[in-house]
Amino acid sequence: MADTFDVSELWDPTVRRNPHEFYDRVRAAGRPVLQVDPAGNRLWVVAGHADVLTGLRHPAIGHEVHRHCPVTHQPALNPQDEVARIETRQLINLDPPDHTRLRGLVSGGFTARAVARLEPWITALADRLVANARRLGRIDGVADLADPVPVNVIAELVGVPEPDRWQFRAWSAAIVSASPDGPTATVEFAAYLDDLAARRRADPADDLMSELVALEDQAERLDRDELVALVQLLLIAGQETTVDLIVNGIRLLLTHPPQWQALREQPALAAAVVEETLRFRGPVEIVPPRFAFRDIEIGGGRIPAYDRVGLSLWGANRDPTVFDRPHEFDIHRADVGKHIAFGYGIHFCLGAHLARLESRIMFERIAQQLPDLRLAVDPRDVDAFRLHRNELPLQV
Ligand code: HEM
């Protein structure tokens, strides 16, 4: 029966091979579906487009549950625990008013106009990568095309000198993969950022770190942990996500030959490729879980107070009441603008303009300069849901 769910389905390897079937069933059930993760945390999955939007702007759904719950779930923060201190100050884990204050400090640097200034710089980087791919002949789409783009772009914006960039790429990877090295990477990364901040304090440059250091001096606006947390988040949030978008865009084009052909004939379609890739196979499956601050009614059911809410962007972006033929990849579709792959509301992705610009330039340059690009493996051997951590063998 469609309405029956095992509580650990979301983590089941069979479901992982095609999570969209699971989200179709959640939507059809017409209520949030309870799942329990391997650590025993309860998560109510919401997958309809309208319901996910409601969840993303719901005043009683948020992160700082300890402010609402009489018996706090969280142990008191140990001030010596730097990793926990930084984590709790991440923009993405905060509610207003701290969220509003911190986001306001950096949002100006990420508007469409602010990031458009980077277009020539990103184009030159894309040209170098594409020229290198032509020389190599056989390449890995992850390592040789996608991976170097976001790390270099955000480092340029923040002001991280080129020789140091490989190191913080490794720190981001350790933190994102939740490996045992994650906490050490957070602390080393923080020490590096302290040092960079000190250098910019002594000798300001035209970069984001210099701007933030200037704000830090006005102590009520930004403290040291917040500065480190903010810069770490910027460096991490855009890395795996943008790599995933570029790599999946390439994979989807090469496995849909008429659409690859259309892009080669008309590179201006690159922006449409970006949007349809975001809708069809966006990098974020479920936004970082929030809590219900009280009992709430949502999506035809009830979520009890203090339980976790899992708002599924993959579910929303394949909702048949919003998208025509939702399970088809179609760069010509008219309804693509309704996707919510960058989230919605106060946490809407800060780097959305930047990610769109980077991936659009990459798709344009690849279509123009690598017209014979093709998969060097059987498409069935490419795991579409873990791609950014694996390889994408390509023949140029
Ligand atoms: C294709 C690439 C990307 C995708 C799909 C993506 C997706 C998202 C999503 C869904 C959220 C909302 C999370 C939530 O509601 O809890 C988010 C937040 C965020 N993203 Fe992105 N992101 C991408 C690239 C970037 C880049 C390049 C940056 C670098 C500046 C970035 C920085 C952030 C930050 C700082 C937040 C937190 C915003 C807040 O809490 O107010 N993202 N992103």
Side-chain angles (χ1 to χ4, degrees), residues 46 52-58 61-64 87-112 114-115 118 122 146-147 149-158 160 168 172 176 208-209 212 226 229-249 271 273-291 308-317 339-363 387-388:
V46 176
V52 172
L53 277 180
T54 302
L56 287 170
R57 57 189 168 197
H58 201 296
I61 295 181
H63 295 278
E64 297 180 51
E87 240 168 52
T88 54
R89 302 315 295 159
Q90 298 273 17
L91 187 63
I92 207 159
N93 296 326
L94 292 172
D95 296 331
D98 282 345
H99 175 268
T100 322
R101 172 176 55 89
L102 289 172
R103 184 161 170 135
L105 298 179
V106 278
S107 53
F110 293 91
T111 60
V115 304
L118 287 171
I122 300 173
D147 207 49
V149 178
V151 72
N152 278 297
V153 173
I154 196 73
E156 186 69 17
L157 256 173
V158 171
V160 176
F168 79 66
S172 313
V176 171
L208 191 70
M209 184 53 108
L212 291 175
E226 288 172 342
L230 199 53
V231 178
Q232 271 199 6
L233 178 66
L234 292 175
L235 295 173
I236 291 171
Q239 178 58 30
E240 305 275 327
T241 43
T242 310
V243 171
D244 187 274
L245 172 63
I246 295 171
V247 167
N248 271 297
V273 173
V274 173
E275 298 309 313
E276 178 61 350
T277 305
L278 283 164
R279 183 199 72 83
F280 184 81
R281 173 56 183 83
V284 179
E285 179 174 353
I286 295 183
V287 290
R290 280 90 160 129
F291 293 89
R308 297 192 315 153
V309 186
L311 302 168
S312 170
L313 303 181
W314 282 7
N317 289 338
H339 80 72
I340 50 171
F342 288 117
Y344 189 82
I346 63 167
H347 291 281
F348 178 81
C349 178
L350 194 65
H353 293 301
L354 193 57
R356 283 184 158 125
L357 182 66
E358 292 171 23
S359 47
R360 198 250 297 152
I361 292 172
M362 284 304 286
F363 295 146
L387 200 50
H388 63 289

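Order of listing sets the numbers, starting from 1, for every ligand and every atom in it.
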Novice: Could you tell me whether the side chain of Arg290 and the main chain of Val309 form a donor-acceptor pair under 3.5 Å?
Specialist: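 No, the answer is negative, given that no donor and acceptor are paired below the 3.5 Å cut-off.
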Novice: For His347 and ligand 1, does the shortest N/O to N/O distance drop below 3.5 Å?
Specialist: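 Min N/O separation from ligand 1 is below 3.5 Å for His347.
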Novice: Main chain of Gly282, side chain of Trp314: is a donor-acceptor contact present, judged purely on distance under 3.5 Å?
Specialist: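 Flag set: sc Trp314 to bb Gly282 pair under 3.5 Å.
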Novice: Considering non-hydrogen atoms of the protein only, which is the closest contact for atom 38 (C) of ligand 1, and what is the distance?
Specialist: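 Result for atom 38 (C) of ligand 1: Arg103 NH1, 3.4 Å.
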Novice: Atom 13 (C) of ligand 1: which protein heavy atom is closest, and how many Å away?
Specialist: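 Here the nearest protein heavy atom works out to Pro288 CD, 3.8 Å.
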Novice: Any idea which part of Val284 is under 4.0 Å from ligand 1, heavy-atom wise: side chain, backbone, both or neither?
Specialist: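 For Val284, only side-chain atoms sit under 4.0 Å from ligand 1.
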Novice: Test of understanding: with side-chain contact (heavy atoms from CB on, under 4.5 Å), list the residues that count as partners of Glu156, not counting sequence neighbours.
Specialist: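 Counting only residues at least two positions away or on another chain, Glu156 forms a side-chain contact (heavy atoms from CB on, under 4.5 Å) with Trp121, Arg165.
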Novice: Please determine whether any non-hydrogen atom of Val106 lies less than 4.0 Å from an atom of ligand 1.
Specialist: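 In this structure, Val106 fails to qualify as a contact of ligand 1 - no heavy atom is under 4.0 Å.
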Novice: Is any side-chain heavy atom of Leu208 less than 4.5 Å from a side-chain heavy atom of Leu234?
Specialist: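 Contact flag for Leu208/Leu234 side chains = yes.
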Novice: Does ligand 1 have a heavy atom under 4.0 Å from the side chain of Tyr344, from its backbone, from both, or from neither?
Specialist: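 Neither; nothing of Tyr344 gets under 4.0 Å from ligand 1.
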Novice: For atom 24 (C) of ligand 1, find the nearest protein heavy atom and state the residue, atom name and distance (0.1 Å precision).
Specialist: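 Ranked first by proximity to atom 24 (C) of ligand 1 is Thr241 OG1, 3.5 Å.
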Novice: Looking at non-hydrogen atoms alone, which of Gly238, Cys349, Ala355, Gly351 comes nearest to atom 8 (C) of ligand 1?
Specialist: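 Of the listed residues, Cys349 has the closest heavy atom.
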Novice: Are His99 and His63 an aromatic pair, judged by ring center distance below 6.0 Å?
Specialist: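 His63 vs His99: aromatic centres not under 6.0 Å.
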Novice: Using a 4.0 Å heavy-atom cut-off, which part of Ala341 comes near ligand 1: side chain, backbone, both, or neither?
Specialist: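 Backbone only.
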Novice: Arg290 versus ligand 1: do any nitrogen or oxygen atoms come within less than 3.5 Å of each other?
Specialist: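 So ligand 1 has an N or O lying under 3.5 Å from an N or O of Arg290.
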Novice: Of the non-hydrogen atoms in Phe348 and Gly343, which two are nearest, and what is the gap between them?
Specialist: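 Answer, listing the atom of Phe348 first, then Gly343: CD1-O, 3.3 Å.
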Novice: Heavy atoms, side chains only, cut-off 4.5 Å: are Leu157 and Phe110 in contact?
Specialist: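 Contact flag for Leu157/Phe110 side chains = yes.
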Novice: I'd like to know if the side chain of Gln239 reaches the main chain of Val151, judged simply by a donor and an acceptor atom lying under 3.5 Å from each other, with no hydrogens or angles considered.
Specialist: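 Indeed, once roles are kept as given, a pair shorter than 3.5 Å links the two residues.
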Novice: In this structure, does ligand 1 have an atom that sits under 4.0 Å from one of the heavy atoms of Pro150?
Specialist: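 It does not, in that no heavy atom of Pro150 comes within the 4.0 Å cut-off of ligand 1.
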Novice: Applying a heavy-atom cut-off of 4.0 Å, say which part of His99 lies close to ligand 1: side chain, backbone, both or neither.
Specialist: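 The answer is the side chain.
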Novice: What residue and atom, counting heavy atoms only, is the protein's closest point to atom 33 (C) of ligand 1, and at what distance?
Specialist: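 Result: Ala237 CB, 3.7 Å.
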Novice: Identify which of Gly109, Pro283, Gly282 has a heavy atom lying nearest to atom 5 (C) of ligand 1.
Specialist: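 Ranked by closest heavy atom to atom 5 (C) of ligand 1, first place is Pro283.
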Novice: Report the nearest protein non-hydrogen atom to atom 34 (C) of ligand 1: residue, atom name, distance rounded to 0.1 Å.
Specialist: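 Nearest neighbour among protein heavy atoms for atom 34 (C) of ligand 1, to 0.1 Å: Leu350 CB, 3.8 Å.
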Novice: Give the residue, atom name and distance (to 0.1 Å) of the protein heavy atom nearest atom 1 (C) of ligand 1.
Specialist: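 Minimum-distance protein heavy atom for atom 1 (C) of ligand 1 reads Leu245 CD2, 3.5 Å.
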Novice: Consider ligand 1: state whether an atom of it lies below 4.0 angstrom from any non-hydrogen atom of Ile340.
Specialist: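 Heavy atoms of Ile340 never come under 4.0 Å of ligand 1.
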Novice: Are the side chains of Val287 and His347 in touch, meaning some heavy atoms are under 4.5 Å apart?
Specialist: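 They are not in side-chain contact.
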Novice: Which part of Leu313 is near ligand 1, with near meaning a heavy atom under 4.0 Å away: side chain, backbone, both or neither?
Specialist: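 The answer is the side chain of Leu313.
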Novice: With the side chain counted from C-beta on, respond yes when Asp98 and Arg89 share a heavy-atom pair under 4.5 Å apart, and no when they do not.
Specialist: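 Asp98 reaches Arg89 side chain to side chain.
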Novice: Which residue owns the protein heavy atom closest to atom 29 (C) of ligand 1, what's the atom, and how far is it?
Specialist: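 For this ligand atom, the closest protein heavy atom is Leu234 O, 3.8 Å.
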Novice: Looking at Asn317 and Arg281, would you say the former's side chain and the latter's main chain have a donor-acceptor pair under 3.5 Å?
Specialist: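 No; zero donor-acceptor contacts below 3.5 Å.
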Novice: Distance to 0.1 Å, residue and atom name: give those for the protein heavy atom nearest to atom 11 (C) of ligand 1.
Specialist: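 Scanning the protein heavy atoms, the shortest distance from atom 11 (C) of ligand 1 goes to Phe342 O, 3.9 Å.
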Novice: For Glu226 and Leu102, run side chain to side chain contact (heavy atoms under 4.5 Å, CB included): C-alpha distance rounded to whole Å, both residues' side-chain angles, the deciding distance at 0.1 Å, then the answer.
Specialist: CA-CA 8 Å; Glu226 288 172 342; Leu102 289 172; 3.9 Å; yes
